[in-house]
Number of protein chains: 2
Amino acid sequence: MQPVEHQHDPHKPPHPPQRVHPSIQDVADEAGVSIATVSRVLNSPNLVAPATASRVRQAVEKLGYVPNAFAQGLITRASKVLALALPDIHGEFYSELLRGADGAAKALGYHLLVASAQGTPADADMGLGPVLGLVDGIALMVTEPNDALLKRAASARIPAVVLDAPDPHHADSITVDNHAGATQATEHLLSLVSPRDAYFAGGPPENYDSKTRAQAFLETLKAHGNHVPADHVASGSFSFEWGERFARGLIKDGRLRGAGILAGNDEIAYGIIHAAEAEGLIPPRDFVIVGFDDTRLASLIRPTLSSVRVPMSDAGAKAVGLLVNRIKNPNLPPQRVSLTPTLVPRQTTASAPARPRPPAR
Amino acid sequence: MQPVEHQHDPHKPPHPPQRVHPSIQDVADEAGVSIATVSRVLNSPNLVAPATASRVRQAVEKLGYVPNAFAQGLITRASKVLALALPDIHGEFYSELLRGADGAAKALGYHLLVASAQGTPADADMGLGPVLGLVDGIALMVTEPNDALLKRAASARIPAVVLDAPDPHHADSITVDNHAGATQATEHLLSLVSPRDAYFAGGPPENYDSKTRAQAFLETLKAHGNHVPADHVASGSFSFEWGERFARGLIKDGRLRGAGILAGNDEIAYGIIHAAEAEGLIPPRDFVIVGFDDTRLASLIRPTLSSVRVPMSDAGAKAVGLLVNRIKNPNLPPQRVSLTPTLVPRQTTASAPARPRPPAR
DNA sequence: TCCCGGGATGAAAACCATATCATGAAAGCC
DNA sequence: GGCTTTCATGATATGGTTTTCATCCCGGGA
């Protein structure tokens, strides 16, 4: 409860004694200077005499003055806040991304406003409408080619960068070279098993990342001169359960033993391993498998999971970097940054699996 | 590249044809109304004639007008943005918290500005100084009793809530009842092993959560009528490596077999299990162990890890709820919300471990 | 016919910090 | 000693929106 100041002197309206938020004028009065001087003390201290400056600082302290960021922004047209719009913020993947973005933002003197599409209709603006005018730029990640928000940003002339998107609408973009990553992983698998034993257990069929990985898998197999049976490439979802289902399908047909599997992500791989384990089948003894994303879990489970590491933290940091760069140089041509994933081989591909029977030749 | 408008007519300064950000005045001109009417269309549409409203909306659309949030905030003194200041944003723990907070914020029409102490000195304001005037409130989590930011918020009269903190400075607070959680877990362990075989592998010695958990562990043991040897309660850090070190210490002395361990968090538990496994010791056959936090990993590793689930997502959501409530009712007495963790028993405590030798009696 | 009420709209104040320009004083120069 | 510089500071325009108050016009009641 704020102390009720003395209630005498009712004829002195300009500055009531105890306002909720003191303004620069209150500080100026308290220090006996003009508002211009207060502003200078706060922004370019070297322009003001030391004695005055310290008097002003005392007044600031005493009143608990915090410059009104709105008034500041109105003049400077900058809030030092960037919006980061993600499909979701849950899970290690986004956590990493956020960490990279946060670090870069802090280093560049910016702040991050996060927004997630969690539960909002896919084509909405993630509730960002009201703050569009508040942020200096937007880093946007979309899983499906949905760019309602991107279009709004463009029409409002707000700098934007797109993370990992199929069709960067002439905006800056960061992409992950899923093709290269999946190719690497597939080559690795093919060094252990025959192309005819290779499988791809993908994520959602409409997911761009997943599609790209599937395509790279197919192309690599073809490059090894092999026709790929359609049922060797499956899609489902990025989930543990789908991995289990996939594995059970393979087990039922007796095709898991000796197989080399590329999973759409680590989740799926864990599901596959889990379901296989229930049948006594363990990698790399009975089959080999590579995941995607290199989640922290990959090195904690036994056997440790070979996986393709996607540098999400870098992606977040680069996105912020690109965005800040664009804010400072609005007329640059569109920039594109591509990040290359790297294969991290672990126990699940440490050796070639036992073959149930010699390859028919 | 923006289209360069016709360059004739150099004598008409009031509103250059294509400004970067159209203002409400531009919209008003375009629609042939006053700015007051435009504002009304946007804020209380029922006060304006339908025909006029639609004309204004067309103009808004045409110009890609986005209200300047700074000017708005200057008047309304609200940004609908809340700051969420965390010690770190990495890892599942914070990810969960963030998810809960984000969901609640969205539901209440707010946005979240995240800030982490990552790399900043412990007593700094996390670089939040510049945006203090921009946010409507702050949710703050501190691991150590550091409240520089809290003090600043208080002196600037910015609503604040403290997450999981020892000394809520008369601010609203959310706490996790670590004591109850650890007591539950310890009781569970004591149903499987003798009190003399119980160990606590804690986190950082100065960490409040860890201290509380240690204390509950001790009290529970004492309640079971047992003196607890000092070396049964250790502290280190919240890390996998510390868990490994702790386990190796126990193994060296031949005390791991038959032990019942409460780990300060899941990380530590994983480290212990990992180090034990290297020696062929596996829970629950050779020892039993309970973690803390119930990370997703707990149910994915084999054996699955018993753990104490801390409802971080709820904590985040409640924090935002409390904060918004305080913003709307600034004169409420300080609120305190306590969240109770729940034990999730899994395989690592599925049965009593084999005892190396009968207890000396 | 006159007046009143109310719906629709406009004019202008207020919000607060920054930046430009102006002013005053002190210091340096020939 | 009168001049120009330089330094410290003050006065003021500016930014864009919300909101209050005033105005205008129209229709209905007396």
Side-chain angles (χ1 to χ4, degrees), chain A residues 13-16 19-56 59-60 63-80 129-134 156-157, chain B residues 13-16 19-56 59-60 63-80 129-134 156-157:
Chain A
H15 293 299
R19 34 202 313 168
V20 186
H21 288 293
S23 80
I24 198 171
Q25 181 67 247
D26 300 312
V27 177
D29 291 354
E30 175 76 25
V33 297
S34 77
I35 61 167
T37 299
V38 177
S39 176
R40 274 188 283 255
V41 170
L42 268 32
N43 299 310
S44 4
N46 52 315
L47 289 184
V48 47
T52 317
S54 99
R55 200 151 29 99
V56 168
V60 166
L63 299 178
Y65 170 71
V66 170
N68 183 313
F70 301 115
Q72 276 178 319
L74 197 51
I75 294 280
T76 62
R77 301 200 147 278
S79 62
K80 296 286 184 178
V131 288
L132 267 190
L134 186 63
R157 294 165 202 87
Chain B
H15 293 298
R19 34 199 316 164
V20 186
H21 288 292
S23 80
I24 197 171
Q25 181 70 61
D26 299 314
V27 177
D29 291 354
E30 175 76 26
V33 298
S34 76
I35 61 167
T37 300
V38 176
S39 177
R40 275 189 281 255
V41 169
L42 266 33
N43 298 311
S44 3
N46 52 316
L47 290 183
V48 46
T52 317
S54 99
R55 200 150 29 98
V56 169
V60 166
L63 298 178
Y65 168 70
V66 171
N68 183 315
F70 300 116
Q72 275 178 320
L74 194 52
I75 295 279
T76 62
R77 300 200 148 278
S79 62
K80 296 287 184 177
V131 288
L132 268 189
L134 184 63
R157 294 168 203 83

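Proteins get letters first, then strands, A, B, ... in listed order; numbering begins at 1 in each.
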Does C:dC16 have OP1 or OP2 under 4.0 Å away from a side-chain N or O of A:Ser23? no
Any donor-acceptor N/O pair, A:Ser79 side chain to A:Leu134 backbone, under 3.5 Å: yes
What residues in residues 64-74 of chain A put a non-hydrogen atom under 4.0 Å from any atom of DNA chain D? A:Ala71, A:Leu74
For A:Ala31 versus A:Ala59, what's the shortest heavy-atom pair and its separation? CB-CB, 4.0 Å
B:Ile35 or A:Thr76, whichever maps to the more 5' nucleotide of DNA chain C: B:Ile35
For every nucleotide of nucleotides 21-28 of chain D, 5' to 3': is a protein heavy atom under 4.0 Å from its base (B), only from its sugar-phosphate (S), or from neither (-)? --------
Out of A:Val27, A:Asp29, A:Ile24, which one pairs with A:Ile35 under the side chain to side chain contact (heavy atoms under 4.5 Å, CB included) rule? A:Ile24
Whole-Å distance, A:Leu134 CG to D:dG16 P, equals 16 Å
Over all atoms of both residues, closest heavy-atom pair of A:Val41 and A:Pro45: O-CG, 3.5 Å
Gap separating the OG atom of A:Ser39 from the CG atom of A:Leu42, nearest 0.5 angstrom: 7.0 Å
In terms of side-chain heavy atoms of A:Ser34, which of C:dT18, D:dG10, C:dC15 is nearest? D:dG10
Just the rounded figure in Å: distance from C1' of D:dT17 to CG of B:Leu42. 10 Å
Does the side chain of A:Ser39 get closer than 4.0 angstrom to OP1 or OP2 of C:dT18 through an N or O atom? yes
Residues within residues 44-55 of chain A bordering DNA chain C, heavy-atom distance below 4.0 Å: none
Minimum heavy-atom distance between B:Tyr65 and B:Asn68, given as atom pair plus value: OH-N, 4.5 Å
Kindly point out which of D:dG16, C:dG10, C:dT18 is positioned nearest to the side chain of B:Ile75? D:dG16
A:Leu63 and B:Arg157 have their tightest heavy-atom pair at O-NH1, 3.6 Å
NA contact type, A:Val33, heavy-atom cut-off 4.0 Å: base, sugar-phosphate, or nothing? sugar-phosphate
